[in-house]
Engineer: 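There's a structure below that I have some questions on.
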Protein chains: 2
Amino acid sequence: MSNDRPAISEDALTDGTAVPTRAAGKRSYGRVTLKDIALDLDISLATVARAFQKDTIISEETRQLVLRRAEQLGYRANVFARSLATRKTRIVGVIMSSVNSPIYSEVLAKLSERIHRIDMSLMLIPGSYAQDFDASLQTLMAYSPDAILVFSGLLSEAAIEQAKHAGVPLIYFNRVSRDPDAYGVGCDNEAGAALVADLLIDSGHERLAFLSSGNDATTNIERMTGFVERTRMRGLPAPKIIPATGFSYEDGLNAALAAREQLPAIDSLFCASDLLALGFADEARRRFGLRIPEELSIVGCQNIALASWSSHDLTTLCLPIERMVDETLAMLSSLSQGQIVEPRVVRVPSTGITERGTTARKK
Amino acid sequence: MSNDRPAISEDALTDGTAVPTRAAGKRSYGRVTLKDIALDLDISLATVARAFQKDTIISEETRQLVLRRAEQLGYRANVFARSLATRKTRIVGVIMSSVNSPIYSEVLAKLSERIHRIDMSLMLIPGSYAQDFDASLQTLMAYSPDAILVFSGLLSEAAIEQAKHAGVPLIYFNRVSRDPDAYGVGCDNEAGAALVADLLIDSGHERLAFLSSGNDATTNIERMTGFVERTRMRGLPAPKIIPATGFSYEDGLNAALAAREQLPAIDSLFCASDLLALGFADEARRRFGLRIPEELSIVGCQNIALASWSSHDLTTLCLPIERMVDETLAMLSSLSQGQIVEPRVVRVPSTGITERGTTARKK
DNA sequence: TCAAAAAAAGAGAGCGCTCTCATTGACAAT
DNA sequence: ATTGTCAATGAGAGCGCTCTCTTTTTTTGA
């Protein structure tokens, strides 16, 4: 099955003599190298190299000559050789636990596009479960990325230490690290959550509740805190906290099931994520025939694309993704140029609530 | 909140004198190299290198010695140096136009995880729009990936040529390339679509229609063909083809709007994707008060997670993602080992239809 | 007119790894 | 004692690039 492939080796025969297009390179990557160009133009390798670099001393004439010839020969720089020599990789490592989640995939899409615009490359690592996670980081670290973007809370202390030791900056997206050296881009979850409390109270709700992701994700905690604080500040009893087991749709489903008895006691629910809200709403409607927003107002958080669908029509607190990505990129490019970045943690202000059909106006 | 962690930095003090842990390396990546280990153990670099390779002649004793010391020193192989020397990268390039789409992000999640399991790395390239696309491929090609997975139909002829010339195999996922040398993993769309026709006809529908993505995506064409053929075979008039402008939710929305007059003439609609189906259904319900499935049965395609939500409850033709990913990985690992892979195009059989609430049984 | 400065080009040493080839013993075969 | 074999190790040449240091060429100023 594997020892008959005649056609290919034939062109080895025609290779001997006058084939200018295929320059030297005996058993290279099969690609044209700087050396090939140098040989071809009969100038030194160093000069050829200079033609491709900025801020270097070379006559414009020679540069153009080299560039033109390189183009003709189809030269492509070998990033491995370059990285080996420069110790800069222009690689951004991305550790993402749930690519398969609307909000993450949205961010990833934007991010990957922007990263390529600044001529860097994105290496994606699944941060699925803790045990594999450290191994994943090892793999990533082997590439000495210029920076690592962390979208997963599961980073172990050891892993953090390791990255730090190797001098790879960690940028936390939408989460806060205990690590004081880490960089981070987040948003003002507390202020946003306070807005939600205001909206609910202003529109006549009196018995607020918060659907918590139930884990110690900083986003969850901040949203809860902001929501509870503001409610208290407005003179209402503290919101009831309904626990879930994560941020997903299924978690919302299960939370609704478990929260049946508590439903009559509340008139509005702020959820730690849109999916959670959607899952809760779907299940409450299906199982208990709950009418939303008449019996319960629901507010999500993130404003994923789904939330705007007429089948969901979810009122939600927007996550300022656009600006967060902007800030992340700014950090990334500064960092990759070796510049000092201050402050290390940026908080983008909340962009407010998009009111849709899951919240009632009772007055 | 963040500037009190005394314990860790202390060991910096003990660093001055007899710390064999920090070997040579003057201005390297900041990492331990094979040479450092060699110097430390006073053996040759070559032997140290051998300890890390398989199928190499070295005494077990020495190997263990090296591995232990390497572990202690925190050695991590430098993939750039290795790739430069071996011309193998263990990098898989992924060209994906819409990461931000349920089906793609689902595949990406599975794929990234599996790729890391076989100790390869995933480099993600957004394939958004044609003009940027070739530049993106350039970036990718600079890394000489062991293979490139293509999830986007937008590959230009020039790009294909380039990859071929550089000897990088292209694997098309869920699409067929005109390129005879390309690898591919797909599924039996025609057979699947035929199943849908059967289901609809068997349950009493008589005026079928197909919501086409409207572009020349091979998946769309195959689904349409299979659906039309089978309908004809069953003796019914050819399905009406309703055009959309892509595979997205918004495309479905717009299609519904435009198709209003045609609605009375059909009793069932097979859509080229789930999102298309969802968008069509949402808009038809909202704008025309269309009752699904009473007035119109709708069948999607792919079975994305959303389809199972009670708010959508979409009957759909499943895309056998799991097996497709399996096959892709099999190819990938064979290819990365330089093995010959035959056949080049694998078609996974369809896994059938999941019947839910958007299809009526009329008899 | 000629030295000094500036511009341009060349030489060559790495970067950290792999891989071929050469060298060294140990031990069995002659 | 001599040769051959084989396991184990060492030496060293790349891989394709960058970057420092020289050397060569051109420009400039008194």
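Reminder, nothing fancy here: chain letters follow the sequence lines and each chain counts from 1.
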Engineer: Indicate whether OP1 or OP2 belonging to dT18(C) is found under 4.0 Å from a side-chain N or O atom of Arg82(B).
Structural biologist: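 Yes, such a contact exists.
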Engineer: Please tell me whether Gln72(A) and Arg69(A) have a donor and an acceptor in their side chains that are separated by less than 3.5 angstrom.
Structural biologist: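 On atom types as modelled, these side chains qualify, holding a pair under 3.5 Å.
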Engineer: Starting at CD of Gln53(B) and ending at C1' of dT18(C), how long is that distance when rounded to a whole Å?
Structural biologist: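 Atom CD in Gln53(B) sits about 6 Å away from atom C1' in dT18(C).
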Engineer: Quickly work out the Leu45(B) CG to dA8(D) C1' distance and round it to whole Å.
Structural biologist: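 Nearest whole value for this atom pair: 16 Å.
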Engineer: Give the nucleotide from the list dC17(D), dC17(C), dG10(C) with an atom nearest to the side chain of Thr47(A).
Structural biologist: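 Shortest atom-to-atom distance from the side chain points to dG10(C).
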Engineer: Assign Ile43(B) to base, sugar-phosphate, or nothing according to its heavy-atom contacts below 4.0 angstrom with the strands shown.
Structural biologist: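 It contacts sugar-phosphate atoms only.
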Engineer: Arg90(A) versus Ser336(A): any side-chain heavy-atom pair under 4.5 Å?
Structural biologist: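 In short, these two side chains touch, coming nearer than 4.5 Å.
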Engineer: Taking for each residue the nucleotide of DNA chain D with the nearest heavy atom, is it Phe52(A) or Thr62(B) whose nucleotide lies nearer the 5' end?
Structural biologist: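 The residue closer to the strand's 5' end, by nearest nucleotide, is Thr62(B).
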Engineer: Output the rounded distance in Å from CG (Leu84(B)) to P (dG16(C)).
Structural biologist: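 For the pair Leu84(B) CG and dG16(C) P, the rounded distance is 12 Å.
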Engineer: Do Arg76(B) and dG16(C) have a side chain to base donor-acceptor pair shorter than 3.5 Å?
Structural biologist: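 Side chain to base: no pair present.
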Engineer: Over all strands shown, is Ile57(B) touching base, sugar-phosphate only, or nothing at heavy-atom distances under 4.0 angstrom?
Structural biologist: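 Base: the residue Ile57(B), judged by heavy atoms under 4.0 Å, touches a nucleobase.
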Engineer: Identify, between Glu60(B) and Ala46(A), the residue whose nearest nucleotide on DNA chain D lies closer to the 5' end.
Structural biologist: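 First, find each residue's nearest nucleotide; the 5'-ward one identifies Glu60(B).
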Engineer: Just the rounded figure in Å: distance from C1' of dC15(C) to NZ of Lys35(B).
Structural biologist: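 From Lys35(B) NZ to dC15(C) C1': 10 Å.
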Engineer: Counting heavy atoms from C-beta on, name the nucleotide in dC15(D), dT20(D), dC17(C) closest to the side chain of Arg87(B).
Structural biologist: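 In terms of side-chain proximity for Arg87(B), the closest of dC15(D), dT20(D), dC17(C) is dC15(D).
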Engineer: From CG of Asp55(A) over to P of dT20(D), roughly how many Å is that when rounded to an integer?
Structural biologist: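 Going from CG in Asp55(A) over to P in dT20(D) covers 13 Å.
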Engineer: The side chain of Ser44(A) lies closest to which of these nucleotides: dA8(C), dT18(D), dG10(C)?
Structural biologist: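 Nucleotide nearest to Ser44(A)'s side chain: dG10(C).
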Engineer: At under 4.0 Å between heavy atoms, what does Tyr75(B) touch on the DNA or RNA strands: base, sugar-phosphate, or nothing?
Structural biologist: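 Result for Tyr75(B) = sugar-phosphate.
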Engineer: Among dT18(D), dG16(C), dT18(C), find the nucleotide with the atom closest to the side chain of Ala49(A).
Structural biologist: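 Given the options dT18(D), dG16(C), dT18(C), the side chain of Ala49(A) is closest to dT18(D).
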Engineer: To the nearest 0.5 Å, what is the distance between CG (Leu122(B)) and CG (Leu124(B))?
Structural biologist: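 So the CG of Leu122(B) and the CG of Leu124(B) are separated by 6.5 Å.
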Engineer: Is any side-chain heavy atom of Ser333(B) closer than 4.5 Å to one of Gln337(B)?
Structural biologist: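 Gln337(B) reaches Ser333(B) side chain to side chain.
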Engineer: Rounded to the nearest 0.5 Å, how far does CZ of Phe52(B) lie from CD1 of Ile37(B)?
Structural biologist: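 So the CD1 of Ile37(B) and the CZ of Phe52(B) are separated by 4.5 Å.
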Engineer: In Å and rounded to the nearest 0.5 Å, what is the OG1 to CZ distance from Thr89(A) to Phe80(A)?
Structural biologist: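 Between atom OG1 of Thr89(A) and atom CZ of Phe80(A) there are 10.5 Å.
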Engineer: Grab the CD1-C1' distance between Ile58(B) and dT18(C) for me, whole Å please.
Structural biologist: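 One finds 14 Å between C1' of dT18(C) and CD1 of Ile58(B), rounded.
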Engineer: Within the structure, does a side-chain N or O atom of Thr33(A) lie under 4.0 Å from either OP1 or OP2 of dC15(D)?
Structural biologist: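 For Thr33(A), the contact criterion (side-chain N or O under 4.0 Å from OP1 or OP2 of dC15(D)) is not met.
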Engineer: If I take atom CG in residue Leu39(A) and atom P in nucleotide dG16(D), what distance separates them, rounded to the nearest angstrom?
Structural biologist: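 Spelled out: CG on Leu39(A) to P on dG16(D) is 13 Å.
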Engineer: How many whole angstroms separate atom NZ of Lys88(A) from atom P of dC19(D)?
Structural biologist: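 Result: 11 Å.
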Engineer: Can you see if the side chain of Thr86(B) gets near the phosphate of dC15(D) - specifically, an N or O under 4.0 Å from OP1 or OP2?
Structural biologist: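 Checking dC15(D) against Thr86(B), no side-chain N or O comes under 4.0 Å of OP1 or OP2.
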